[in-house]
Amino acid sequence: LRREVSEYGRHLSQYFNMFLLFANLATSEKHKLLNLDIPHMFIKVAIDEGMGPPIKYQYAELHKLYAVVSNLVRCCDISSRCDSSQPGVAALPNPYGEQISPPSSSQALQLSEDAADVLFNRTTYLKKIVEDSAQSEDTVKLLRFCSWENPQFSSSVLNELLWQIAYSYTYELRPYLDLLLQMLLIGDSWQTHRILNTLKGVEADRDGLFDTIQRAKNHYQKRAYQCIKLMVNLFSNCPIALRMLLGNGELRRKWCSAVQWLGEELNRRPYGSSTWSPPIVNSNETSNGYFLERTQSALFTFQKGCELCPNEEEVVTDTQGEDGEDDEIDATPIEHGGSHSEDDPNNGVDYYPTTTTLHQSTGDQSEEGVETVSDVTTGAPSLMATGSDDTEVPVHYPRVVSSRDNDRE
């Protein structure tokens, strides 16, 4: 670390892989590395604050370093940094720690104060692993472990991911969106706070997903689409998030508006390439460009979004209690805690669905992993027809009624 790391940047993967193999041998080896304070040393090397000169190689491979830090930190007891969102209630046990078997000692392994300080109190290393290794499984495991019942660290992770989603290139967003979804699915007492802060923003520090969608509608449509697709996955896989959507008037209005915009853009866009060349596999997630491509995956996302749009009966059933009053959502910003209601009036929004038609053309090249599109009128999956005439499939999306409708083109 003092002499060779900075000079032999091309071989760092093999160098740090040796530490990873040693740490995975047994508990005693992990204990030795923790006694040597390896997590703190490696974190300092990653942020160019190590004991030796900075790494001279421009494209240094540090994924093995991140893996070593992740494995060693998850072996430690960080319960002292956990705090429940409910006053007077003990924090839930962390399920994301490294299972050490067989246990060699009844005493839990501890992270050094220096390593804990640079990991939890500073954001330099957090930014580094999010930028360099967002799609790594070790990064996901580390962030879930450190975010469990930790509102401060959770807020730092959300800030960094929301910034990347708002300003990174559209073809680079997928790892950040996948990582954000994993953070929102953490089932501790702060889950509702994370979800609400992600959707609405972390106070004035960072825009939420709905703000990013609103800003990206005109010139960065693929960014807006990918945010909508993330929320479709969230509402489909997280019952808590779906209840928050149904129980909050402001979130319902913004969600229905976003889904309506997606349907209107899909009606405007033709399938595939408009040139004479052979069809190109278009994607709204990996291809370059600003405007939305009409792909099969986009149609599927739109139809799932329509299914998640609440109608009037669902809103009344899910948001009103026995006394007929709206239920309040305890989801204040993570930093402050507490509870307050975010259920706002509908502001003149009519949630009755209106029927439109999506023109399905032939020869569409869908995005990877999507083969069918559900018929929203019957709920049955239907394959996209090939070699036949254009067909019209009626789909439903919510109609937003407001004074601005007269100004629309």
Side-chain angles (χ1 to χ4, degrees), residues 70 73-74 76-98 111 116-117 119-123 125-127 129-130 134 139-165 176-211 230-231 233-248 250-251 327-343:
S70 176
V73 169
R74 287 185 289 113
C76 299
D77 180 18
I78 59 171
S79 58
S80 60
R81 298 182 175 272
C82 298
D83 185 24
S84 175
S85 63
Q86 303 176 3
V89 179
L92 298 173
N94 196 329
Y96 299 112
E98 185 73 18
L111 193 64
D117 178 70
L119 179 61
F120 289 98
N121 298 332
R122 298 173 57 185
T123 60
Y125 183 71
L126 171 62
K127 293 176 181 292
I129 60 176
V130 169
T139 299
V140 175
K141 291 179 179 179
L142 176 64
L143 296 185
R144 288 192 301 191
F145 175 74
C146 296
S147 296
W148 180 265
E149 296 283 39
N150 190 325
Q152 289 77 24
F153 191 85
S154 296
S155 179
S156 299
V157 173
L158 293 184
N159 264 289
E160 179 62 23
L161 290 177
L162 289 175
W163 188 92
Q164 295 289 349
I165 292 171
Y176 306 121
L177 293 168
D178 291 342
L179 182 55
L180 178 59
L181 180 61
Q182 293 297 324
M183 296 300 104
L184 298 181
L185 294 178
I186 298 176
D188 62 355
S189 63
W190 295 96
Q191 184 177 21
T192 56
H193 301 257
R194 293 192 196 92
I195 294 173
L196 190 63
N197 287 349
T198 299
L199 298 179
K200 300 182 65 175
V202 185
E203 293 188 343
D205 297 335
R206 192 72 65 222
D207 289 340
L209 292 181
F210 282 123
D211 297 321
L230 166 66
M231 287 190 282
N233 290 329
L234 174 64
F235 296 142
S236 300
N237 294 282
C238 181
I240 293 178
L242 183 59
R243 286 198 298 269
M244 292 177 64
L245 174 66
L246 298 176
N248 189 298
E250 181 183 1
L251 296 182
D327 295 335
E328 294 186 353
I329 298 177
D330 180 14
T332 54
I334 287 180
E335 295 83 356
H336 303 290
S339 63
H340 69 280
S341 174
E342 294 289 345
D343 196 358

Ion pair Arg194/Asp188, N-O distance below 4.0 Å:
yes

Which heavy atom in Ile165 sits nearest to a heavy atom in Tyr176, and how many Å separate them?
CG1-CB, 4.1 Å

With sequence neighbours excluded, tell me which residues meet side chain to side chain contact (heavy atoms under 4.5 Å, CB included) with Leu111.
Pro39, Val73, Cys76, Ala115, Ala116, Leu119, Phe120

Tell me the closest heavy-atom pair linking Ala241 and Ile195, and the distance in Å.
CB-CD1, 3.9 Å

Could you pull out the closest heavy-atom pair between Leu199 and Phe235, with the gap in Å?
CD1-CZ, 4.3 Å

When you check the side-chain N and O atoms of Asn237 and Asn233, is any donor under 3.5 Å from an acceptor?
no

The test is side chain to side chain contact (heavy atoms under 4.5 Å, CB included); show your working for Asn150 and Asp83 and say whether it passes.
CA-CA 6 Å; Asn150 190 325; Asp83 185 24; over 6 Å; no

List the residues meeting side chain to side chain contact (heavy atoms under 4.5 Å, CB included) with Cys82, not counting sequence neighbours, and say none if there are none.
Ala91, Glu149

Side chain to side chain contact (heavy atoms under 4.5 Å, CB included) partners of Val157, counting only residues at least two apart:
Leu126, Leu143, Ser147, Phe153, Leu161, Met183

Can you list the residues that meet the side chain to side chain contact (heavy atoms under 4.5 Å, CB included) rule with Ser236, with sequence neighbours excluded?
Val232, Lys304, Leu308

If you look at every heavy atom in Lys200 and Asp211, which pair is closest and at what distance?
O-OD2, 3.5 Å

Set of residues satisfying salt bridge (Lys or Arg N to Asp or Glu O under 4.0 Å) with respect to Asp207, sequence neighbours excluded
Arg215

I'd like to check the salt bridge (Lys or Arg N to Asp or Glu O under 4.0 Å) partners of Glu98; sequence neighbours left out, ordered by chain and number.
Arg74

State, to 0.1 Å, how close Leu92 and Ser189 come at their nearest heavy-atom pair, and which atoms those are.
CD1-N, 4.4 Å

Looking only at non-hydrogen atoms, find the nearest pair between Leu251 and Met244 and report the distance.
CD1-O, 3.9 Å

